[in-house]
Amino acid sequence: MLQVNFIKNNLERVQASLQKRNFKNTDILEETIKLDELKRSTQTSMNEKQEAINKASKEIGGLFKQGKKEEAEGLRANVATLKEELNNLKVSFEEVSGKLTGLLYEIPNAAHASVPEGSTDEDNEVFQAWDANMPDLATSKLPHWELAKKYDLIDFELGAKITGAGFPVYKGKGAKLQRALINFFLDEADKSGYAEFLPPHMVNEASAIGTGQLPDKDGQMYHDAQDDLYLIPTAEVPITNIYRDVILKEEDFSIKMCGYTPCFRREAGSYGAHVRGLNRLHQFDKVEIVRIEHPERSYAALDEMLDHVRGLLAKLELPYRILRLCGGDLSFASALTFDFEVFSAAQERWLEVSSVSNFETFQSNRLKLRYNDANKKKHLAHTLNGSALALPRIVAALLENNQTGDGINIPKVLWKYTGFEKI
RNA sequence: GGUGGAGUGGGUGAGUGGCUGAAACCACCGGUUUGCUAAAUCGACGUACGGUAACCUCCGUACCGCGGGUUCGAAUCCCGCCUCCACCGCCA
């Protein structure tokens, strides 16, 4: 959520952003600013009314002490009318303020100047192409879901029996590969200075609002109505919320955190060949990196995060490319996002395995995550996060790209984690 | 899940209807003193929003776990909720 002041002070950028995002309601910024003015003037009237009441109340107290009952009674009658007027003001204040919040919830983050124009994922800019060799596979190459069956690594039907579609069961070397990747990713994050957390896998409503899953993406999360808790769609939610309602000092930056969690997504409305196998799941594993940064340093931090993910993919020896998301594909809360895609050689498709974003103050405004500068003035911090990495599509690419006639080769970097070099 | 107790500023903690945005102490910050460190001493010391476009100042409003209520007036009384502690129940 953007602050009204931010919108006022960066009107051109926010307007340009709405255009890039193909946002239809072009009057929304003007409406927002008008409503904000109305809200403030109403608040001023309320304050004045309350002031009059407070003064009268003090007088009444004094009069009672002096035994001047009649005068006191007179004032009491006055207060009664003042209170009625105040209550009317309160009602309109609540109404205006509710409308304003509603509008602010609808306004997506201001896109970074470098975000390209475009409406769909086809308009994303290839920020870093893959110019080395692609895996050279025999014509008998198999997609990962067939490899998973052939080598008894992942059982989709069994998961469907136990839970439902999109909840695979990993078995034997398939399960060990999961565990190996999680440990590899966590160790690499640790080496890059990210402090490890193992957060709760369910969050309350305040946390889901804090990182922007609510109210915008209600229906994408699994919700336990009995206790009003949400299964996390990503570790970003619990980990970023560690810093909800926190005021930092400038020397606290940079804050670098990471964590492994399973992620739960309802993915309502996704069907078809493109979601086969591991391509899209309701539950999957992911290691996430999260950063909280000084606004002046957040884009440098974003670069560092890109480097970290590049390193992971290089070590896994997977062909990858980096996309800069266009306005139409950019998520609601993000100012700038880079997607990493690996090439899955049997499907002959690029698969998204990481999304690295700078949210600037969009999340911190909701989180009330601020820092004190040298003059003890408070500013919103910047938040960033990225997958490092999401497992299923990495597994898909590893299986497909490394298949040979008599097995699947495990990249060298994982050997000490898997305990085997080949499946 | 049941019963009992508790939640006040950065911390400890006083405060049972008006003189309390809140005593006192500690911490932090600034000054004085002192060979340095330490001690002593004086002072300042919450947050948010609005008036207000910017820093300060000033004025106002709100805030004593959260949300309602009673009252001219609530940290204080009433109701609901949350969290923590203790005991009981259940349990990996």
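Proteins come first, then strands; the chains are lettered A, B, ... in the order of their sequence lines, and each starts at number 1.
Under the salt bridge (charged side-chain N to carboxylate O under 4.0 Å, His left out) criterion, A:K161 pairs with no residue, sequence neighbours left out. Residues forming a ring pair (Phe, Tyr, Trp, His ring centres under 6.0 Å) with A:F253 (at least two apart in sequence, or on another chain): A:H294, A:Y371.
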Protein proximity profile, nucleotides 55-65 of chain B - base contact B, sugar-phosphate-only contact S, no contact -, cut-off 4.0 Å on heavy atoms: S----BSS---
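Between B:rU61 and B:rG73, the distance separating the two P atoms is 15 Å to the nearest Å. Here, B:rA6 and B:rA14 have their P atoms 12 Å apart, quoted to the whole Å. Here, B:rC45 and B:rG30 have their C1' atoms 10 Å apart, quoted to the whole Å.
Between the CG atom of A:N9 and the P atom of B:rU52 there is a distance of 17 Å, rounded to whole Å.
Across every non-hydrogen atom of A:G259 and A:L186, the tightest pair is C-CD2, 4.2 Å.
Around the CD atom of A:E30, the shell of radius 6.0 Å holds no more than 12 heavy atoms that belong to other residues, nucleotides or ligands.
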Distance-only donor-acceptor pairs under 3.5 Å for side chains of residues 97-106 of chain A, two or more places apart:
unit_1 : atom_1 : unit_2 : atom_2 : d
A:T101 : OG1    : A:S97  : O      : 2.8

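Within residues 79-86 of chain A, the residues having any heavy atom under 4.0 Å from RNA chain B are, by residue number, A:V79, A:K83.
Under a cutoff of 6.0 Å and an axis angle of 45°, A:K176 and A:F420 do not form a cation-pi pair.
Remark on RNA chain B: of its neighbouring residues A:K378 and A:I53, the 5'-side contact belongs to A:K378, judged by nearest-heavy-atom nucleotide.
RNA chain B forms stems at B:1-7 with B:82-88, B:10-12 with B:24-26, B:29-32 with B:40-43, B:46-51 with B:58-63, B:65-69 with B:77-81, each a run of 3 or more consecutive Watson-Crick or G-U wobble pairs whose two key distances fall under 3.5 Å.
Remark: A:R40 is in phosphate contact with B:rG51, judged by side-chain N or O atoms under 4.0 Å from OP1 or OP2.
Here NE2 of A:H144 is found 11.5 Å from CG of A:N401. Values are rounded to the nearest 0.5 Å.
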